[in-house]
Amino acid sequence: MAAPTPVGTAKLEIDGVVHELPVVIGSQGERAIDISRLRAETGYITLDDGYGNTGSCVSDITYIDGENGILRYRGIAIEDLAEKRSSFVETAWLLMFGKLPNEEERTRFAALLSDNAALHHDMNKHFDAFPANGHPMAIMSSMINAMGTFHRPRIVDDETFLLAAARLLSRVRSIAAASYKASIGEPLIYPRPDLSYVRNLLHMMFSVPYNEFEPSHEASRALNLFFVLHADHEQNCSTSTVRMVASSKANLYAACSAGVSALWGPLHGGANMEVIQMLQRIQADGTSIPDIINQVKDKKSGVKLMGFGHRVYRNFDPRAKILKKAADDLLESMHVNDPLLPLAKELEEAALADDYFVERKLYPNVDFYSGIILRALGIPLDMFTVMFAIGRTPGWIANWKEVNDNPEQRIYRPRQIYTGAPDQLWVPRSQR
Ligand code: SDX
């Protein structure tokens with residue numbers, strides 16, 4: 001991983017003393033004040049609730065320019081990956097190894113994914129033990145961690161890393177499909193070695209022993225695009241969680257299991273479910289768009305426009321633009337008429353014309369239109385965030401690798417400002 005370039009110093013005056021802190025610049029011009037020595041030199045720490053102004057790491061993997069709506073995986077713009085119809089498998093290789101795979105690498109990786117698609121037989125028994133209505137994100141997180149009990153991933157070089165990564169990337173599909181089958185009381189469907197990554201997932205989810213599901217070309221292409229667009233996103237909440245866990249030298253599966261848990265939250269990956277539920281409520285209640293907008297603007301309502309807003313994108317989320325068009329194209333090709341799509345567009349148009357959203361730079365994010373695509377594919381609502389997790393797995397794996405490849409990596413251990421009780425004596429219960 002390349003180090004940022006020193007470009008001078010920043011002066012900080014504390015208690016009459018001027019301290020010079022190094023200023024560094026990244027490859028795309030992002031500047032940072034390096035505070036690694038701040039506490040040692042001044043006794044002070046910084047405070048930044050939510051890390052909105054704090055760079056937790058240096059990374060070569062993904063670049064976001066939030067002001068200009070730019071997202072690049074290892075320097076390649078997602079618009080390019082989308083237009084060239086890059087496969088999710090080669091996008092995963094790009095994120096993990098820093099370059100698109102050549103024919104030999106691609107063939108080898110595809111074979112590893114195919115050979116490692118089936119779960120350990122004893123893992124399948126776990127699905128009988130989960131309640132049928134258990135949330136699939138809880139199952140996904142549990143089963144990824146459980147993989148570490150069946151395959152102790154001793155990663156010592158690129159070869160052992162590649163096998164562990166292929167196992168995880170392949171089996172997140174099998175876990176997702178198995179949790180779906182268990183939830184609807186249908187038998188587990190085994191992966192087929194002749195199917196592509198995406199077609200195999202749809203096969204495992206929607207085939208039954210007596211009837212093979214054949215996804216359309218458009219459906220497979222739409223889900224592939226969905227996964228490519230979700231594959232990584234710099235230091236978002238779940239990826240930062242993976243890096244935090246990786247920094248203690250926990251194994252790949254433990255770290256990605258933690259990433260699934262962080263992604264589940266409705267402010268993060270859980271938003272794709274919340275958007276659809278929000279649109280369904282609006283449709284069922286017949287609430288007018290202006291009334292929804294007013295509810296959102298009234299802080300006391302506690303209503304947020306789900307799928308809107310982003311910590312980094314202050315202009316537009318490039319993924320939302322691509323997904324909006326992909327939703328249009330897919331529904332048209334499938335001759336599906338989903339009333340939630342025009343409703344979402346109406347809501348977007350009304351919000352982008354309202355100062356509340358414009359002033360706060362709130363635009364549609366990746367979750368605003370993605371659920372429309374999943375609905376058209378017949379993916380049940382409970383599985384929406386699981387689909388996001390499958391998409392994000394290569395990014396988590398790449399970030400885990402970047403932490404472990406860094407010989408100078410230290411354990412993540414932020415400081416705090418304590419505001420609790422001063423020194424207290426223990427009091428016997430009779431005197432409390
Ligand atoms: C993802 O980080 C990533 O990269 C994440 C992600 C990825 O690929 O990994 O892009 C995926 O998680 C996308 C975000 C999905 N979440 C949602 O759609 C939930 C709705 N959005 C919000 O909760 C919010 O916008 C966040 C969580 C996305 C961002 O939160 P921030 O940066 O902490 O912003 P904030 O809460 O400080 O909001 C600033 C202002 C506030 O108003 P004021 O106090 O200034 O008056 O904007 C308002 C907020 O109330 N606001 C919203 C809003 N989002 C922010 N008001 C109404 N609806 C919203 N959705």
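Note that these values count all heavy atoms, side chains included, but never hydrogens, waters or copies made by symmetry.
- Looking at Arg173, its side chain never comes within 3.5 Å of a backbone N or O of Ile390 through a donor-acceptor pair.
- Side-chain polar atoms of Asn399 and Thr239 form no donor-acceptor pair below 3.5 angstrom.
- Lys325 and Asp328 are not joined by a salt bridge, as no carboxylate oxygen comes within less than 4.0 angstrom of a charged side-chain nitrogen.
- Annotation: the span from Trp264 atom CH2 to His135 atom NE2 amounts to 5.5 Å, rounded to 0.5 Å.
- Of the inter-residue distances, the one linking Ile189 atom CD1 with Asn200 atom CG reads 11.5 Å to the nearest 0.5 angstrom.
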Quick one, Ile293 with Phe357, criterion side chain to side chain contact (heavy atoms under 4.5 Å, CB included). Give me CA distance, side-chain angles, the key distance, then yes/no.
CA-CA 10 Å; Ile293 296 293; Phe357 296 88; 4.0 Å; yes

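- One finds a salt bridge joining Asp158 and Lys401 here, because a Lys/Arg side-chain nitrogen approaches an Asp/Glu carboxylate oxygen to under 4.0 Å.
- The side-chain contact (heavy atoms from CB on, under 4.5 Å) test with Phe384 singles out one residue from Asp382, Val386, Leu381, and that residue is Leu381.
- Checked by atom type and distance alone, the side chain of Trp400 pairs as donor or acceptor with a backbone atom of Ala250 at under 3.5 Å.
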For Phe109 and Leu169, what are the C-alpha separation, side-chain angles and deciding distance, and is it a side chain to side chain contact (heavy atoms under 4.5 Å, CB included)?
CA-CA 11 Å; Phe109 190 38; Leu169 187 59; 3.9 Å; yes

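- Two residues are said to be in side-chain contact when any heavy atoms from C-beta on lie closer than 4.5 Å; Pro187 and Pro209 meet this criterion.
- Salt bridge status for Arg243 with Glu402: present, with a side-chain N to carboxylate O gap under 4.0 Å.
- Annotation for Asn145 and Ala254: closest pair OD1-CA, 3.4 Å, computed over non-hydrogen atoms.
- In this structure the side chain of His151 never reaches within 4.5 angstrom of the side chain of Leu163, judged on heavy atoms.
- Closest approach of Gly259 and Thr241 over heavy atoms only: N-CG2, 4.3 Å.
- A donor-acceptor contact shorter than 3.5 Å is absent between the side chain of Arg319 and the backbone of His230.
- Of all heavy-atom pairs between Asp48 and Asn53, the closest is OD2-N, 2.6 Å.
- Looking at Phe368 and Lys324, their side chains never come closer than 4.5 Å, going by heavy atoms from C-beta outward.
- Residues Gln235 and Tyr51 bring no donor and acceptor atom of their side chains to less than 3.5 Å of each other.
- The two residues Met204 and Ala177 have their closest heavy-atom pair at CB-CB, 3.5 Å.
- Nearest approach of Val275 to Asp367, heavy atoms of both residues: CG2-O, 3.5 Å.
- Contact of the Leu347 side chain with the Ile282 side chain is registered, since non-hydrogen atoms from C-beta on lie closer than 4.5 Å.
- Results of the ring pair (Phe, Tyr, Trp, His ring centres under 6.0 Å) test with His233 over Tyr63, Tyr73, Tyr313 single out Tyr313 as the only residue that passes.
- Contact check for Phe150 versus Arg167: no side-chain heavy atoms found under the 4.5 Å cut-off.
- No donor-acceptor distance shorter than 3.5 angstrom exists from the side chain of Asp298 to the backbone of Asn294, with no hydrogens or angles considered.
- Using modelled atom types and a 3.5 Å distance limit, the side chains of Asn272 and Ser370 yield no donor-acceptor pair.
- One finds the CG atom of Asp354 at 8.5 Å from the CD atom of Glu359 (value rounded to the nearest 0.5 Å).
- A salt bridge links Lys99 with Glu105: at least one charged nitrogen is closer than 4.0 Å to a carboxylate oxygen.
- Annotation: side chain of Arg72 is not in contact with side chain of Asp80 (no heavy-atom distance under 4.5 Å).
- Judged by distance alone, with hydrogens and angles left aside, the side-chain atoms of Thr107 form a donor-acceptor pair with the main-chain N or O of Glu103 at under 3.5 Å.
- Taking 4.5 Å as the limit, some side-chain heavy atom of Met143 sits within range of a side-chain heavy atom of Phe127.
- At a threshold of 4.0 Å, the pair Arg192-Glu212 counts as salt-bridged, since one of the basic side-chain nitrogens sits closer than that to a carboxylate oxygen.
- With contacts defined as side-chain heavy-atom distances shorter than 4.5 Å, the pair Thr160/Arg154 does not qualify.
- Here Glu159 pairs with Arg108 in a salt bridge; the nearest charged N to carboxylate O distance falls below 4.0 Å.
- The existence of a salt bridge linking Glu186 and Lys181 is confirmed by a sub-4.0 Å separation between a basic side-chain nitrogen and an acidic carboxylate oxygen.
- When atom types are taken as modelled, the side chain of Ser247 and the backbone of Tyr412 share a donor-acceptor pair closer than 3.5 angstrom.
- Annotation: the span from Asn404 atom CG to Leu252 atom CG amounts to 8.5 Å, rounded to 0.5 Å.
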